[in-house]
Amino acid sequence: AQSVSQHNHHVILSEAASLELGCNYSYGGTVNLFWYVQYPGQHLQLLLKYFSGDPLVKGIKGFEAEFIKSKFSFNLRKPSVQWSDTAEYFCAVFGGGGNKLTFGTGTQLKVEL
Amino acid sequence: DGGITQSPKYLFRKEGQNVTLSCEQNLNHDAMYWYRQDPGQGLRLIYYSQIVNDFQKGDIAEGYSVSREKKESFPLTVTSAQKNPTAFYLCASKDGPSGLIYGYTFGSGTRLTVV
């Protein structure tokens with residue numbers, strides 16, 4: 001079965017610092033990759049996705065992610081975080097058996113002023 | 001506006017009672033999903049349904065049941081057999097096979113507390 005690993009469970013950054021959140025998945029075949037964000041008290045929102053083509057994908061709010069097939073990774077990045085980026089971030093993979101989205105355990109990001 | 005409505009937002013039940021969580025969507029999406037969210041464990045799939053009158057078990061289906069009698073509705077029953085039912089429950093939907101390009105649409109969730 002497909003599995004997704006997010007190694008950073010809690011991250012604390014100061015405003016303007018750069019962000020990179022790790023995501024690794026287990027399935028070696030064709031996958032579709034997603035990053036979702038959950039702001040405090042709000043529902044899950046799609047940040048960005050990768051289906052095919054350019055492995056560097058850009059999403060909303062200045063976020064980007066790079067798909068590295070050889071490393072089974074899809075890390076999320078942002079050059080300069082803002083206090084409003086405080087949220088929980090989830091990596092998710094569709095594929096590898098079953099018509100369903102498998103999520104990682106999430107990363108709680110806190111951005112301090 | 002189109003979206004997913006989950007009700008109620010907060011639900012309290014006594015141990016041993018069954019409880020049904022509501023999920024309604026007006027997006028005309030074919031597929032619907034129930035996830036459970038626990039701190040440090042992310043979202044885990046309970047059940048999903050790709051068409052009316054059909055559904056499949058997810059990764060943690062034990063102690064739960066669902067029905068899909070109408071396209072817009074996918075209620076989840078948490079039975080007394082679920083050993084640790086206190087959690088945040090999220091419903092999601094997707095518009096058929098090609099709809100994956102837009103990702104899943106999520107509801108705002110129901111927080112169930114069993115006392």
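So that the names make sense, note that chain A is the first sequence line, chain B the second, and so on, each numbered from 1.
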Aromatic ring centroids of A/Phe34 and A/Phe51 under 6.0 Å? yes

Say whether, by atom type as modelled, one donor and one acceptor occur between the side chain of B/Gln50 and the main chain of B/Asp54 under 3.5 angstrom. no

Between A/Gln38 and chain B, with a heavy-atom cut-off of 4.5 Å, which part of the residue counts as in contact: side chain, backbone, both or neither? side chain

Fit a plane to each ring of A/Phe67 and A/Tyr25, take the angle between them on a 0 to 90° scale, and name the class: parallel (under 30°), tilted (30 to 60°) or perpendicular (over 60°). parallel

Heavy-atom proximity to chain B below 4.5 Å, by part of A/Leu46: side chain

Given the options A/Glu64, A/Gln6, A/Glu66, A/Glu20, A/Asn75 meets side chain to side chain donor-acceptor pair (under 3.5 Å) only with A/Glu20

Heavy-atom distances under 4.5 Å only: say whether B/Gln37 touches chain A with side chain, backbone, both or neither. side chain

Mind telling me whether B/Tyr104 and B/Tyr35 have parallel, tilted or perpendicular rings, with 30° and 60° as the class edges? tilted

B/Leu45, part contacting chain A, at a heavy-atom distance under 4.5 Å: side chain

Residue among B/Ala31, B/Pro39, B/Gly40 with most heavy-atom pairs under 4.5 Å to chain A: B/Gly40

Heavy atom to heavy atom, less than 4.5 Å: which residues from residues 62-83 of chain B reach chain A? none

Honestly, the part of B/Ile4 sitting under 4.5 Å from a heavy atom of chain A is neither

Begin from the C-alpha positions of A/Ser26 and A/Gln2 and carry the test side chain to side chain donor-acceptor pair (under 3.5 Å) through to its verdict. CA-CA 6 Å; A/Ser26 60; A/Gln2 180 65 268; 3.0 Å; yes

How about A/Gln45 and A/Tyr36: do any of their side-chain heavy atoms sit closer than 4.5 Å? no

Do the numbers put A/Lys78 on top of the ring of A/Phe63, so that NZ or CZ is under 6.0 Å from the six-membered ring centre and no more than 45° off the axis? yes

Classify the ring geometry of A/Phe74 against A/Tyr50: parallel below 30°, tilted from 30° to 60°, perpendicular beyond 60°. tilted

